[in-house]
Structures are given as structure tokens and as C-alpha cells.
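For this chain, numbers begin at 1 and follow the sequence in order. Fair warning: this is a prediction, and the values are worked out from it, not measured in the lab.
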Amino acid sequence: MSDTVRYETKDRKAYLTLNRPDRLNAIDDELARALPRAVERADEDPDVHVIIVRGAGRAFCSGYDLKDYAEGGAGTQEEVWDPVRDYRMMKRHTDEYFSLWRSLKPTIAQVHGYAVAGGSDIALSCDMVVMADDARIGYMPSRVWGCPTTAMWVYRLGAERAKRMLLTGDTIDGRQAAEWGLVLESVPAERLGERVEALADRIAGVPVNQLVMQKLMINQAYDNMGLHGTQILATLFDGIARHSPEGRWFQRFAAEHGFHEAVRWRDSGRWIPEGGGPVPSARDLEDPR
């Protein structure tokens with residue numbers, strides 16, 4: 001199994017640790033592919049009752065590795081692009097994250113630092129999310145160059161608050177996420193591991209067949225609400241967002257000035273030019289207006 005997702009078990013619990021700490025556990029192809037393999041391993045182990053997903057180092061997951069995808073252009077097609085080719089790629093990623101939702105056994109995300117962009121897709125694919133008070137969650141690429149393919153923002157928050165988050169690309173801390181019902185609860189950072197362990201231990205005492213039946217029943221209600229169809233639309237829109245004139249502008253920006261500068265512009269609130277246009281010059285980057 002890939003070292004990008006470390007797998008351990010103890011006391012009826014499987015621990016899946018995203019393990020690219022030098023990149024804040026940013027998602028690359030290797031990590032994305034390793035995640036469902038680890039979930040399957042836990043699902044098939046009769047001694048595992050609950051799965052805990054966490055991140056090594058300073059963050060849970062900082063999203064897709066923009067060094068590869070934005071700055072390096074990985075996954076970006078030429079001007080005449082094939083939406084089905086893009087859909088296949090992103091649908092695979094969506095299914096990889098959603099293995100946590102589709103797994104037979106309960107999953108808990110233990111979020112510290114950041115669970116942003118694609119990292120929020122991984123966290124929100126878990127059945128329950130426990131955050132540190134000072135952790136941040138959000139989907140900043142909704143400003144330009146992305147759409148959350150798992151679509152879990154609306155299913156967890158409802159329409160109005162999902163719009164509040166995805167029409168701004170803002171992040172919120174663990175306290176607000178818990179208050180809004182986006183996540184199960186928020187605790188001081190120093191108590192995060194302890195709280196997740198207590199919750200997991202409580203679940204682990206239940207027979208596996210009972211856990212599976214309850215989870216399948218609850219998930220079926222979401223399927224009946226059209227979750228799968230919403231994800232198809234979101235995954236198609238994600239590809240369009242990355243190949244729109246504005247999306248191509250952002251990718252060229254990252255390629256020319258580095259993804260840190262592109263993200264800084266995107267998240268600052270400065271206007272993103274309709275229809276793309278020229279990439280800002282180095283002088284423009286220094287101008288705060």
C-alpha cells in the first residue's frame with residue numbers, strides 16, 4: 001500500500017493517515033488512489049468496526065497539489081478540450097473520496113489545520129467530522145477554477161449556507177462549522193485526538209452488522225434525494241470551471257507567477273476578469289488595489 005495513506009489498526013479502529021506532510025497532505029494521483037484501497041482494506045477486516053481519517057503534520061488536507069495541477073498544468077487540456085475525458089478523471093477522484101461515504105463501516109474525519117478545497121471533499125465524504133476549534137474548512141476554488149465534486153456542502157448545510165460558502169469561497173473555523181451543522185462538533189485543538197478516540201470507541205462497541213445496516217439506511221435517504229445526480233452535475237461543472245476563459249486565466253497566472261501568487265489574488269477579493277484576459281504583471285501583484 002502507498003505510503004501516502006498510512007494504515008494502522010488498534011482496538012477495532014482503523015486509522016487512515018494522509019501522509020504528505022511536507023505538502024500539507026495536498027492531493028496528488030498517488031494519494032487519491034491510495035485512499036479507497038485503504039478504505040477497502042478496513043472494510044474487509046472483520047476486526048475493524050470504525051475508520052478514522054486524519055492528516056500527518058500541520059493539516060488534515062490542503063486540497064489538490066496546485067504545484068502540479070495549477071502551476072504545472074496537470075489535467076488541463078488544450079483550448080479544444082474533451083469534457084468526457086475530464087469527467088472520467090474527476091469522477092474517478094470523486095469516487096475515491098466517496099469511498100469513505102460508501103464504505104460499509106462508519107468513518108470519522110479528524111480535522112486539524114486545514115480541510116480546504118479538495119481536502120474539504122475528503123473530510124465531508126466521511127460520515128462524521130470532528131474539527132479543532134482553530135481549524136479552517138472551505139472551498140476557495142469556487143471563486144474560480146473549481147466546483148466541489150462531492151456536492152456535500154448543500155447536503156450538510158442546506159441551500160442558503162451552501163450558497164454563502166460557495167458564492168464567496170470563504171473559509172470558516174471549526175466553531176462556526178459546528179454551529180452551522182457542517183460538522184458534528186468542534187473542540188480545542190489539544191483535545192481533538194482524545195474526542196475522536198472517545199467517539200470511535202463508543203461506535204466500536206456496536207456489532208458490525210448493526211453499524212452497516214444503520215449507515216446504509218441513512219445513506220439511502222440521501223441517495224433518494226438525488227445525491228448521485230448532483231455529483232454528476234458538480235463533476236461536469238468542475239471540468240468546465242477549469243477550462244472556462246477565467247479558469248484558463250487562473251492556470252496561466254499560476255504557471256507564470258507560481259500558484260501561491262495565483263491563490264493570493266483569487267482569495268484576496270480582487271476582481272477576476274470576465275472572459276480571462278491578460279495575466280497580471282509582476283507590478284500588478286505589488287499593487288494592493
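For the side chain to side chain contact (heavy atoms under 4.5 Å, CB included) test, residues two or more places apart in sequence or in another chain that qualify with Thr76 are Trp145, His243, Arg248, Gln251. Glu79 is linked by a side chain to side chain contact (heavy atoms under 4.5 Å, CB included) to nothing, counting only residues two or more places apart in sequence or in another chain. Residues passing the ring-ring contact (aromatic ring centres under 6.0 Å, His included) test with Tyr155 are Tyr222, sequence neighbours excluded. The side chain to side chain contact (heavy atoms under 4.5 Å, CB included) test applied to Pro280 returns Trp249, Phe253, Trp265, Asp284, Leu285, not counting sequence neighbours.
Taking CZ of Arg88 as the reference point, atom NE2 of His93 lies at 14.5 Å (rounded to 0.5 Å). The distance from the CG atom of Asp238 to the OG atom of Ser142 is 11.0 Å, given to the nearest 0.5 Å. In this structure, the separation between CG on Asn25 and SG on Cys61 is 6.5 Å, given to the nearest 0.5 Å. From Asp267, atom CG reaches atom CZ of Arg143 across 7.0 Å, with rounding to the nearest 0.5 Å. For the atom pair Asp43 CG and Ser99 OG, the distance stands at 9.0 Å (nearest 0.5 Å). Ser62 OG to Arg136 CZ: the interatomic distance, rounded to the nearest 0.5 Å, is 15.5 Å.
In the hydrophobic clustering of ILVMFWY residues, with side-chain heavy atoms under 4.5 Å counting as a link, Val206 and Met213 come out apart. Tracing side-chain contacts under 4.5 Å through hydrophobic residues (I, L, V, M, F, W, Y), one reaches Met90 starting from Leu166; they form part of the same cluster. Hydrophobic clustering of Ile, Leu, Val, Met, Phe, Trp and Tyr side chains at less than 4.5 Å, counting indirect connections, unites Ile203 with Leu184. Cluster annotation: Leu66 is connected to Met89 through the hydrophobic network of ILVMFWY side chains, with a link wherever side-chain heavy atoms come within less than 4.5 Å. Phe60 and Leu24 fall into different hydrophobic clusters, where Ile, Leu, Val, Met, Phe, Trp and Tyr residues are linked whenever their side-chain heavy atoms come under 4.5 Å apart, directly or through other members.
Considering only heavy atoms from C-beta on, Val208 comes within 4.5 Å of Lys105 through its side chain. In this structure, the side chains of Tyr87 and Ile232 come closer than 4.5 Å at one or more pairs of heavy atoms. The shortest side-chain heavy-atom distance between Ile137 and Ile172 falls under the 4.5 Å cut-off. Under the 4.5 Å side-chain criterion, counting only non-hydrogen atoms from C-beta, Trp81 is in contact with Ile240. Between Met152 and Leu227, some side-chain heavy-atom pair lies under the 4.5 Å cut-off. At least one side-chain heavy atom of Arg33 sits less than 4.5 Å from a side-chain heavy atom of Arg92. Inter-residue side-chain proximity for Met165 and Leu182 is flagged as unmet; no heavy-atom pair is nearer than 4.5 Å. Contact annotation: the side chain of Cys147 never approaches that of Thr149 to less than 4.5 Å [non-hydrogen atoms, C-beta and beyond].
Nearest heavy-atom pair, Ala282 versus His257, reported as atom, atom and distance to 0.1 Å: N-CE1, 3.8 Å. Residues Ala14 and Val48 approach most closely at CB-CG1, 3.8 Å, considering heavy atoms. Looking at every heavy atom in both residues, Asn19 comes nearest to Ala56 through OD1-CB, 3.7 Å. Contact between Asp134 and Ala189 at its shortest, heavy atoms only, is OD1-CB, 3.9 Å. Contact detail for Pro36 and Ala32: the closest heavy-atom pair is CD-O, 3.0 Å. The two residues Ala34 and Val5 make their nearest non-hydrogen contact at CB-CG2, 3.8 Å.
Around atom CD of Glu274, no more than 12 heavy atoms belonging to other residues, nucleotides or ligands sit under 6.0 Å away. Within 6.0 Å of CZ in Arg58 there are 12 or fewer heavy atoms belonging to other residues, nucleotides or ligands. Within 6.0 Å of CD on Glu160 lie no more than 12 heavy atoms contributed by other residues, nucleotides or ligands.
Contact check on Lys91 versus Asp95 returns a salt bridge, with a Lys/Arg side-chain nitrogen under 4.0 Å from an Asp/Glu carboxylate oxygen. Contact check on Glu261 versus Arg264 returns a salt bridge, with a Lys/Arg side-chain nitrogen under 4.0 Å from an Asp/Glu carboxylate oxygen. A salt bridge links Asp65 with Arg20: at least one charged nitrogen is closer than 4.0 Å to a carboxylate oxygen. Classification of Glu179 and Arg175 as a salt-bridged pair fails, no side-chain N sitting under 4.0 Å from a carboxylate O. Of the charged side-chain nitrogens involved, at least one lies within less than 4.0 Å of a carboxylate oxygen, so that Arg6 and Glu8 count as a salt-bridged pair.
At distances below 3.5 Å, at least one donor-acceptor pair connects side-chain atoms of Asp133 with backbone N or O atoms of Val187. Checked by atom type and distance alone, the side chain of Asn219 pairs as donor or acceptor with a backbone atom of Trp101 at under 3.5 Å.
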Side-chain donor-acceptor contacts of residues 108-122 below 3.5 Å, not counting sequence neighbours, with atom names and distances?
| residue | atom | partner | partner atom | Å |
| --- | --- | --- | --- | --- |
| His112 | NE2 | Gly57 | O | 2.7 |
| His112 | NE2 | Ala59 | N | 3.2 |
| Ser120 | OG | Ala117 | O | 2.6 |
| Asp121 | OD1 | Thr150 | OG1 | 2.7 |

What verdict does the side-chain hydrogen bond (donor to acceptor under 3.5 Å, both in side chains) test give for Arg164 and Thr168, after you've listed the backbone C-alpha separation in whole Å, the side-chain angles of each residue and the deciding distance to 0.1 Å? CA-CA 6 Å; Arg164 164 66 183 85; Thr168 63; 3.0 Å; yes
Under the side-chain contact (heavy atoms from CB on, under 4.5 Å) rule, what do Val263 and His260 come out as? Steps first, then yes or no, please. CA-CA 5 Å; Val263 166; His260 286 296; 6.0 Å; no
Which is it for His228 and Gln231 under the side-chain hydrogen bond (donor to acceptor under 3.5 Å, both in side chains) test, yes or no, and what are the steps along the way? CA-CA 5 Å; His228 180 65; Gln231 287 185 345; 4.8 Å; no
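Judged as a salt bridge (charged side-chain N to carboxylate O under 4.0 Å, His left out), the pairs with a partner in residues 215-236 (not counting sequence neighbours) are, in order, Arg102-Asp223, Asp127-Lys215.
Each of Ile52, Thr107, Leu35 was compared with Leu16 under the side-chain contact (heavy atoms from CB on, under 4.5 Å) criterion, and only Leu35 meets it.
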